[in-house]
There are 2 protein chains.
Amino acid sequence: MSDTPDSAVDGAGSSNTDVDCFCPLGGVMDLLSRRYAMQLICVVGAIGPARYGEIEETFDGVSSSTLSTRLDDLVEAEILAREQYAEIPPRVEYELTDTGEELCQHLDPLLKWAEKAQEG
Amino acid sequence: MSDTPDSAVDGAGSSNTDVDCFCPLGGVMDLLSRRYAMQLICVVGAIGPARYGEIEETFDGVSSSTLSTRLDDLVEAEILAREQYAEIPPRVEYELTDTGEELCQHLDPLLKWAEKAQEG
DNA sequence: GGCTATACTTTGAACACTGAACTATTTATA
DNA sequence: TATAAATAGTTCAGTGTTCAAAGTATAGCC
């Protein structure tokens, strides 16, 4: 759904300075614009292989259902990798993929800035 | 609401490597996590003083109500500045504030990356 | 009087997020 | 034998967010 690319900036581009077209970003940006997505990537990047419970503790106030959905989304987008161990009680670890690492390098300075902006 | 700070990373921190605490980012990140917020900032940054209609054309598929809400959010957060001219038909221009400029500098590489990730 | 242009607002439906309670499994304790 | 603990989630009903489409206000032009 929502498949109506082009036309947008191309149409406006003629009268603009130099917009490089940010519109059909679709997938990736839509994913990052879901709640906690960016923080999640940075947290997994920071604590390395991270268990579900560890991640849940790091955030104060995510519902487990949302966290679970978000993790699934990021795994499906191949930003995170999920490894499940056949143990009882169960153990699951999340890690950044190579794509995730790249992304994390762009997100880290943003989150650091946001952190500072919060105080000031 | 949702007032239960600390306890989170502080509790997990003892067993972690070196998470710098990304959780109480609250405001800024929550705002950026709303739909089109990041793209909006970069678009205004790119075309300078931007009129509502110009912005609307740039995005292909935002509803005017959401765009309007998002602009209000960003103005209230002092990331965008809104200037209204007493003309008929009305003219309104949006521009980045200094905070917005800073933010835009962090977002630009992210969006550029996302753009590339989309193709690959 | 009716049309155009701009920057929105309003409405009802669809989708996203929330808190709280619940699931399955095995080991540990009473 | 019964109960509790631990992990990684899922389910549900309620609330918040986003959607598409239609409507609002104003003044100049035909």
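Every chain is numbered from 1, with letters handed out A, B, ... down the list of sequences.
Atom-to-atom, CG of L74(A) to P of dG9(D) comes out at 13 Å; the value is rounded to the nearest Å. Atom CD in E54(B) sits roughly 16 Å away from atom P in dA5(C) (whole-Å rounding). Between L71(A) atom CG and dC17(C) atom P there is a gap of 13 Å when expressed in whole angstrom units.
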Side chain to side chain contact (heavy atoms under 4.5 Å, CB included) between S64(B) and E56(B), worked out: CA-CA 7 Å; S64(B) 51; E56(B) 196 173 34; 3.4 Å; yes

Intermediate values then yes/no, ring-ring contact (aromatic ring centres under 6.0 Å, His included), Y94(B) and Y52(B): CA-CA 8 Å; Y94(B) 293 92; Y52(B) 181 90; 7.2 Å; no

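In this pair, Y36(A) and F59(A) present their aromatic rings perpendicular. The plane angle is above 60°, beyond the 30 to 60° band.
Listed by residue number, the members of residues 76-89 of chain A with any heavy atom below 4.0 angstrom from DNA chain D are R82(A), P89(A).
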Let me have a per-nucleotide readout for nucleotides 14-21 of chain D, 5' to 3', with B, S or -, counting only protein heavy atoms under 4.0 Å. ---SSBB-

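A close approach under 4.0 Å does not occur between any side-chain nitrogen or oxygen of Y52(A) and OP1 or OP2 of dA6(D). Close to dT10(D), at under 4.0 Å from its OP1 or OP2, lies a side-chain N or O of S68(A). For R91(B), no side-chain nitrogen or oxygen approaches OP1 or OP2 of dA7(C) to under 4.0 Å.
Summary of helix geometry: the two end axes of the helix from dG1(C)-dC30(D) to dA30(C)-dT1(D), each defined by five base pairs via their C1' atoms, are inclined to each other by 30° (rounded to 10°).
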